[in-house]
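Report on the following structure.
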Amino acid sequence: MKPLNLLKHVNQFRFWAIGLASVWLTLFVFMPNLLVVITSFLTRDVTATVSLPINGNSYLRTLDTLYLQVLWDSLLMSIETMLVCLIIGYPFAMCIAKLPKKWQPIILFLVILPFWTNSLVRTYALQFILGNKGVINNILVSLGIVDEPLQLLYTQFAVIVGLSYICIPFMILPLYSAIEKLDVRLYQAAQDLGAGAWSRFWHITIPLTSPGIIAGCLMVLIPAMGMFYISDLLGGAKNLLLGNVIKTQFLLARDWPFGSALSVMLIVLLGFMLWLYYKAANFVSKQGGINGSDF
Amino acid sequence: MARTSKALRFSYLISILVLLYLPIAVLVINSFNASKYGIHWAGFTWKWYVKLFANESLMQAAGHSLLIAVTSASIATIIGTLAAVALHRYQFKGKAILSSMVFISMLTPEIVLAIALLIIFILVGIQLGFWSLLLGHITFCLPFVIVAVYSRLKGFDMKMLEAARDLGATEGQVFMKIILPLALPAVAAGWLLSFTLSLDDVIVSAFVTGPGYEILPLKVYSMVRVGVSPEVNSISTVLLVISLILVIISQLLLREKN
Amino acid sequence: MKKWLAFLSVILMSACSKQEAQAPAADANVATPAAVSEAAPPGEQQKLVIYNWTEYLSETVLEAFTKETGIKVEYATYESNEAMYAKLKLLDGKGYDIVVPSTFYVEKMRKEGLLQPINKTMLKNYNNLDASAMNKMHDPDNQYSIPYLWGSTAIAINGKDVDASKIKKWADLWKPEYKGKIMLMDDVRDNFYVGLRVCGFNDNSTNEAEIKCAYEKLKSLMPSVKTFNSDSPKTPLIQGNVSIGAIWNGEAYKASEEMENLQYVYPEEGAVIWIDSFAIPKGAVNIEAAHKFVDFMLRAESGKACIEELGYPAPNTAATLLLDEKLRNNKIIFPNKEDVAKGSIHTDIGDAGLIYLKYWDLLKAGK
């Protein structure tokens with residue numbers, strides 16, 4: 001009965017806004033991750049999957065140079081993807097935001113539409129485009145630009161192309177919603193004060209859209225870490241990525257403690273990087289006097 | 001000067017859109033290609049479409065998927081938008097924990113989330129099928145909505161909210177009348193991203209679904225993995241055309257209203 | 001803070017009470033004969049839940065089964081033995097009535113008590129089975145598994161690009177002229193089979209020194225390898241991205257329908273031979289329907305349809321006799337007895353699998 005009495009006294013909106021997400025995240029994020037953390041301290045068991053004694057051996061194993069290298073490779077690949085998406089996506093989002101208002105939703109929709117086709121199907125289509133007898137090589141060879149088909153498929157290049165292609169809407173949409181709210185008057189004021197186009201871009205546009213940039217980068221960087229199937233299909237499965245290793249540990253080796261430890265390490269490491277980034281961003285924005293991101 | 005930059009912007013938009021649609025074009029063309037593996041053009045055919053419409057289980061899975069995607073995207077958008085507003089607007093105990101959980105849920109590798117969710121569902125006794133899928137999908141969509149909406153709210157001048165409060169508006173009214181309209185582009189973006197994620201998820205779905213409830217990404221995944229199946233090209237084309245038609249209709253309706 | 005705790009505890013409590021309410025219901029699901037009839041009351045349509053590899057069963061055969069028996073089939077698929085095992089283990093063998101594990105997983109699951117014995121008296125067509133695929137080490141006397149399809153992993157060669165007569169054994173793949181033309185299986189056991197055989201060891205070795213030797217051997221092949229693929233190895237061959245590939249015979253058969261000059265070579269060191277079998281998980285509910293289904297699949301006509309559609313041989317002598325001569329003599333689908341004899345089957349190697357995985361990771365990470 002007590003919670004009901006309490007309900008009357010608190011602000012209902014605030015209660016639901018905080019409560020819904022808290023309950024949800026507790027049940028389906030906190031609890032599963034708690035399980036993962038507990039598992040990471042247990043011991044692998046052939047029949048029961050995991051058993052006591054509690055120990056930290058799995059964490060020691062994650063420090064093996066092999067896994068550190070895998071982590072580094074995965075991280076590097078995701079960062080490359082993020083940069084490609086940002087470099088292509090930022091001007092694209094700006095172009096959309098400068099279109100007449102009634103066109104904007106239509107173009108945005110056109111951007112997201114291809115992504116409702118299964119990503120695996122699209123990845124196969126990319127294979128078809130990049131292959132030895134694919135669309136690009138056919139054109140190049142028939143135009144006489146190259147004699148031998150170029151090796152595009154099963155290379156690192158193909159992996160980055162594929163990842164960027166799959167991830168780009170996750171960059172464009174948050175960027176667009178950040179750029180769209182920019183106040184035109186700010187520019188006019190800056191122009192009146194004699195600021196050039198580049199100066200306006202660096203000193204107004206970039207700082208003001210930084211929440212969008214950060215959101216977009218997060219939404220690309222993190223999923224890209226897990227998309228090992230793209231690297232398998234377009235890179236020829238010759239690289240080991242962290243996603244592969246974790247999957248192998250859970251399914252093939254059935255070493256759940258080690259798989260869990262790898263997952264915890266990944267979360268802690270990325271979390272730490274994000275924290276550093278925010279601290280740095282906050283520091284910079286305080287210096288610049290612009291409200292930065294402290295999310 | 002203004003004209004050239006406009007032309008430049010326009011051509012950039014078009015060329016990126018063309019790139020985005022290139023793989024789609026390949027699969028649409030191949031859905032009419034008589035050659036099974038689409039390695040060369042073997043003539044025009046409707047046979048993959050005929051096969052597709054005869055494939056009841058595929059059509060049923062597509063229906064299930066749309067239902068799951070629309071429901072989970074909508075619920076994730078509601079919860080996520082409220083959470084983003086709460087994180088932006090209120091000070092409360094556990095705020096730091098809440099926001100770190102948002103990140104943790106984004107950071108958890110899919111396979112780990114999949115197995116952990118399955119264990120939770122078994123523990124709680126949720127039947128594997130529609131409900132477990134829905135809960136799973138909302139869970140991985142949620143952080144995307146929160147991040148998208150929060151990044152939009154960030155930097156808006158919130159003084160007018162306080163003014164509205166001073167004039168006697170309730171929090172709920174402030175949300176509906178001021179915050180929601182301001183955040184709308186991001187709310188829409190969050191919904192679209194969630195819908196996209198849900199429609200494309202394989203790993204979590206494979207673990208948390210039961211045998212009685214098949215969804216399209218799993219079906220398509222299994223078909224495509226074992227060799228490009230032309231029926232998959234045709235169902236992708238059909239879904240594409242349906243979404244296009246829906247959008248055109250909604251645009252026309254909006255225009256009429258105006 | 002208090003109100004949050006209150007809110008949370010209400011939610012958690014309702015979740016817990018739900019769990020208690022569900023627990024006895026879950027117990028009732030444990031398959032006792034009484035529970036079986038309860039799960040499928042007379043009058044209601046019987047059903048059967050099949051958990052099988054993707055694209056590994058003829059749809060027409062399934063439809064015929066439902067039409068004849070009135071049993072509704074719920075069909076789910078998996079991509080690997082490991083994924084199937086992981087899910088079944090978590091569900092404690094419940095939820096599915098038929099699974100199709102490969103030999104070494106039959107062995108593993110049988111030893112862990114995840115399977116239940118098959119009642120052969122319910123299988124009228126049991127005698128259609130080919131004795132050469134029966135009574136193997138993984139399941140003596142076929143108490144727990146009935147062979148469904150079998151096949152090989154050997155070398156497919158695109159005769160247009162590469163002279164097929166020059167490749168007679170696995171070791172030939174190491175020749176420098178094949179650099180960048182080779183595809184291997186994306187599978188630990190299959191690749192280490194090749195490595196161990198080329199090194200001259202037993203392919204089910206559990207000796208770390210031997211496995212390491214195979215790893216070194218495979219590592220020296222890596223520069224020649226263009227891709228690993230065990231999803232659809234026919235596709236890179238058909239699309240012309242590789243010229244030589246380790247591939248299953250059924251995939252090679254499908255590729256040969258698209259390519260004029262595809263050769264399938266059984267290497268001298270021996271090909272991987274595998275058998276996938278029907279098995280009934282411990283917690284299956286529709287046991288009678290499961291037996292009916294296995295029996296239906298053992299019919300000559302069903303076997304014939306599966307061979308024709310999938311390109312893998314069914315160990316079903318009656319079915320083989322029904323095939324038309326061209327297919328029956330197809331060397332891709334039906335290898336010679338000698339080629340089969342040279343090859344061998346993966347067995348469950350227990351924890352030695354971890355050694356394989358360690359070197360597999362090293363191989364993939366390029367170390």
Side-chain angles (χ1 to χ4, degrees), chain A residues 11 13-14 16-18 20-22 24-25 28-33 35-36 88 91-92 95 98 109-122 124-126 128-129 170 173-174 177-178 180 208 211-212 215 218-219 222 226 243 246-247 250 263 266-267 270-271 274 291 293 295, chain B residues 9 12-13 16-17 20-24 26-27 79 82-83 85-86 90 92 98-99 101 103-113 115-117 119-120 135 139 144 147-148 150-152 154-155 171-172 175 185-186 189 192-193 196 199-200 217 220-221 224 228 232 236 239-240 243 247:
Chain A
N11 181 320
F13 177 81
R14 193 185 133 120
W16 287 107
I18 304 173
L20 269 177
S22 304
W24 196 280
L25 290 171
F28 300 116
V29 177
F30 179 72
M31 301 279 279
N33 275 288
L35 280 182
V36 171
I88 294 176
F92 189 79
C95 291
K98 289 203 172 159
F109 184 77
L110 282 178
V111 170
I112 199 91
L113 189 62
F115 297 88
W116 291 355
T117 300
N118 187 288
S119 60
L120 200 71
V121 178
R122 279 179 291 128
Y124 270 98
L126 277 178
F128 194 81
I129 293 171
F170 291 83
L173 263 58
S177 75
E180 192 259 351
L208 281 181
L218 271 180
M219 291 195 200
I222 293 167
I246 293 178
K247 187 180 165 203
F250 270 100
S263 158
L266 175 70
I267 293 175
L270 284 180
L274 289 176
N291 193 10
S293 175
F295 187 25
Chain B
R9 281 207 302 270
Y12 184 71
L13 268 178
I16 296 293
L17 277 177
L20 290 182
Y21 276 86
L22 194 61
I24 303 294
V26 165
L27 77 90
I79 302 178
L82 289 177
V85 172
Y90 303 130
F92 54 94
L98 194 64
S99 52
M101 275 205 289
F103 284 114
I104 289 174
S105 70
M106 267 181 108
L107 293 170
T108 313
E110 270 201 299
I111 183 88
V112 180
L113 181 72
I115 291 181
L117 277 178
I119 293 174
I120 298 267
L135 293 176
T139 302
F144 287 85
V147 171
Y150 184 87
S151 77
R152 167 91 182 181
K154 187 95 224 153
E171 282 292 292
F175 174 74
L192 285 173
L193 292 176
T196 312
L199 217 51
D200 208 28
V220 165
Y221 180 74
V224 174
V228 185
V232 172
S236 307
L239 289 176
L240 200 76
S243 356
V247 170

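Lettering follows sequence order; numbering is per chain, from 1.
Not a single donor-acceptor pair under 3.5 Å links the side chain of A:N118 to the backbone N or O of B:D200. Although no hydrogens or angles enter the test, the distance criterion places a donor-acceptor pair under 3.5 Å between the side chain of B:R152 and the main chain of A:S177.
The pair A:K247-B:E110 does not meet the salt-bridge criterion, since no charged nitrogen lies less than 4.0 angstrom from a carboxylate oxygen.
The candidate from A:A125, A:G226, A:P114 with the greatest count of non-hydrogen atom pairs under 4.5 Å with chain B is A:P114. The most heavy-atom pairs under 4.5 Å with chain A, out of B:I120, B:V232, B:L199, come from B:I120. Looking only at heavy-atom pairs under 4.5 Å with chain B, the residue among A:A21, A:C95, A:A178 that has the most is A:C95. Ranked by heavy-atom pairs under 4.5 Å with chain B, the list A:P174, A:G212, A:S263, A:G243 is led by A:S263. By number of non-hydrogen pairs under 4.5 angstrom with chain A, the leading residue of B:L27, B:I119, B:L98 is B:L98.
At least one side-chain heavy atom of B:L20 sits less than 4.5 Å from a side-chain heavy atom of A:F115. Counting heavy atoms from C-beta outward, A:V111 and B:L17 have side chains that approach closer than 4.5 Å. Side-chain contact between A:P32 and B:T108 is absent, with no heavy-atom pair separated by less than 4.5 Å. Taking 4.5 Å as the limit, every side-chain heavy atom of B:V26 sits out of range of all side-chain heavy atoms of A:Y124. In this structure, A:I267 and B:F103 have side chains that are not in contact, with every pair of non-hydrogen atoms separated by 4.5 Å or more. Two residues are said to be in side-chain contact when any heavy atoms from C-beta on lie closer than 4.5 Å; B:L239 and A:T117 fail this criterion. Inter-residue side-chain proximity for B:M101 and A:N33 is flagged as unmet; no heavy-atom pair is nearer than 4.5 Å. In this structure the side chain of B:L113 never reaches within 4.5 angstrom of the side chain of A:F28, judged on heavy atoms.
Closest approach of A:L126 and B:P23 over heavy atoms only: CD2-CG, 4.0 Å. The minimum heavy-atom distance linking A:M219 with B:A148 is given by the pair CE-N, 3.6 Å. Heavy atoms only, all atoms of each residue included: B:A116 and A:L35 are closest at O-CD1, 4.2 Å.
Summarising the geometry, atom CG belonging to B:L107 is positioned 4.5 Å from atom CD1 belonging to A:I222; distances are rounded to the nearest 0.5 Å. Atoms CZ and CD1, from B:F92 and A:I18 in turn, are 4.5 Å apart once rounded to the nearest 0.5 Å. Here A:L113 contributes atom CG and B:L240 contributes atom CG; the two are 4.5 Å apart, rounded to the nearest 0.5 Å. Distance check: B:T196 OG1 to A:F170 CZ gives 6.0 Å after rounding to the nearest 0.5 Å.
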Could you walk me through whether B:Y221 and A:V121 pass side-chain contact (heavy atoms from CB on, under 4.5 Å), step by step? CA-CA 8 Å; B:Y221 180 74; A:V121 178; over 6 Å; no
Under the side chain to side chain donor-acceptor pair (under 3.5 Å) criterion, do A:W116 and B:S243 qualify, and how do the steps go? CA-CA 9 Å; A:W116 291 355; B:S243 356; over 6 Å; no
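Both the backbone and the side chain of A:L25 come within contact range of chain B, judged by heavy atoms closer than 4.5 Å. Using a 4.5 Å cut-off between heavy atoms, A:L266 contacts chain B through its side chain alone, with no backbone atom that close.
B:Y90 and A:F13 have perpendicular rings, their planes meeting at more than 60° on a 0 to 90° scale where under 30° would count as parallel.
Within a 6.0 Å radius of OH in B:Y21, other residues, nucleotides and ligands contribute more than 12 heavy atoms.
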